[in-house]
Amino acid sequence: MDWTVLGGLAAGLVLATVTAPVGVSGAVFLLPVQLSVFGVPSPAVTPTNLLFNVVAGPGALWRYRRDGALHGDLARRLVLGTLPGVVVGATVRVFALPGPGVFRLLISVLLLPLGVWLCLRALTPAHRLPLPSGELPPRTLTGLALAVGVIGGVYGIGGGSLLGPILVGRGLPVARVAPAALAATFATSLVGAAAYALLSLMSSGDVAPDWWLGFACGTGGLMGGYLGARLQPRLPERALRLLLGALAAGLGAVYAAQALN
């Protein structure tokens, strides 16, 4: 078996196990691996990541559904907002943002402040924190999901790694946000992957996904997502918030350094 397939399987397994408990598929953290290790060209790295989400998503979602964590309308609202956004984002990615430098800078600007903000909230003693703002109004939540869908379509993450930090930072528990964010990521990745497949017919660049690598990473993510979702109820809320913030801030810092070099 090709070392790329084995490496993709291992990367997807490890990343999904770590990120699924906080509602992140792991695709956003797979980006530097695909760009730097496996040499996937830009913008083909984006649909490859969407393919990873499509294959990996059912593992964590099945476990969360089995545990009853997908009840409620938060997931439905996020999906309805992100679905049209990911189509717009895919179009922008192919025709307006092909360069990897702009690509990395966009990620760092979005994730670094979100991650630092969430870490500070997790580390601040509870009595010093203001009262949580709570859930956003339905229209505001839909608008936020739409904007995140556009951003997710641009760099192939489905939006969960952005929605998770924002909603948890608003005071919602990770146990509620994580399943909904993963559901939105899975649904938008399906639509986004289809959009890229159509756009590949109208573009001469590297727009089609790396099928073998996407399926290999996704298979690892399928197993890792199930393990991570099973692990979540055993982790304290504060640890989950800190993990989510650290992951977002760490990735943002790495991309900021790469974009500035």
Side-chain angles (χ1 to χ4, degrees), residues 12-29 50 52-83 86 118 121-122 126 131-142 144-146 148-149 152 157-191 218-248:
L13 174 63
V14 172
L15 288 172
T17 302
V18 174
T19 59
V22 292
V24 179
S25 69
V28 68
F29 302 101
L50 291 173
F52 163 79
N53 285 336
V54 171
V55 178
L61 290 175
W62 184 82
R63 182 67 200 190
Y64 280 130
R65 181 176 178 82
R66 180 180 175 183
D67 294 340
L70 275 173
H71 292 165
D73 62 349
L74 181 60
R76 177 178 58 83
R77 291 176 182 174
L78 295 183
V79 169
L80 290 177
T82 53
L83 280 180
V86 74
L118 198 56
R121 287 185 62 92
L131 291 176
S133 301
E135 187 170 340
L136 294 167
R139 289 185 178 180
T140 304
L141 183 62
T142 301
L144 172 65
L146 177 63
V148 168
I157 62 170
S161 61
L162 299 177
L163 287 169
I166 292 172
L167 296 178
V168 171
R170 292 275 304 179
L172 295 180
V174 177
R176 183 184 175 202
V177 171
L182 284 173
T185 294
F186 177 68
T188 53
S189 295
L190 281 173
V191 175
T219 301
L222 183 70
M223 297 182 286
Y226 176 86
L227 293 175
R230 185 173 183 178
L231 179 65
Q232 190 212 58
R234 297 172 171 82
L235 299 174
E237 175 73 12
R238 185 178 182 185
L240 290 170
R241 287 173 177 266
L242 190 59
L243 173 61
L244 180 59
L247 289 173

Residue list, side chain to side chain contact (heavy atoms under 4.5 Å, CB included) with A175, at least two apart or on another chain: Q232
Those residues that, when tested against R63, pass side chain to side chain contact (heavy atoms under 4.5 Å, CB included) (two or more places apart): R66, D67, Y226, A229, R230
Closest non-hydrogen atom pair between G26 and L15, with its separation: O-CD1, 4.0 Å
Contacts of R76 that satisfy salt bridge (Lys or Arg N to Asp or Glu O under 4.0 Å) - sequence neighbours left out: D73
Test side-chain contact (heavy atoms from CB on, under 4.5 Å) applied to L78 and V148, step by step: CA-CA 10 Å; L78 295 183; V148 168; over 6 Å; no
side-chain contact (heavy atoms from CB on, under 4.5 Å) evaluation trace for N53 with T188: CA-CA 9 Å; N53 285 336; T188 53; over 6 Å; no
Heavy-atom closest pair, residues G12 and F52: CA-CE1, 4.0 Å
Separation of L190 CG from T185 OG1 (nearest 0.5 Å): 11.0 Å
Heavy-atom pair of closest approach, residues A16 and G225: CB-N, 3.5 Å
For L243, side chain to side chain contact (heavy atoms under 4.5 Å, CB included) partners two or more places apart: V18, V22, L247
Set of side chain to side chain contact (heavy atoms under 4.5 Å, CB included) partners for L231, sequence neighbours left out: L235
Distance, nearest 0.5 Å, that separates OG1 of T82 from CG of L144: 10.0 Å
Side-chain heavy-atom pair T142, L80 within 4.5 angstrom cut-off: no
Minimum side-chain heavy-atom gap S25-L182 below 4.5 Å: yes
Least distance between heavy atoms, A56 atom then G221 atom: CB-C, 3.5 Å
All salt bridge (Lys or Arg N to Asp or Glu O under 4.0 Å) counterparts of R241, not counting sequence neighbours: E237
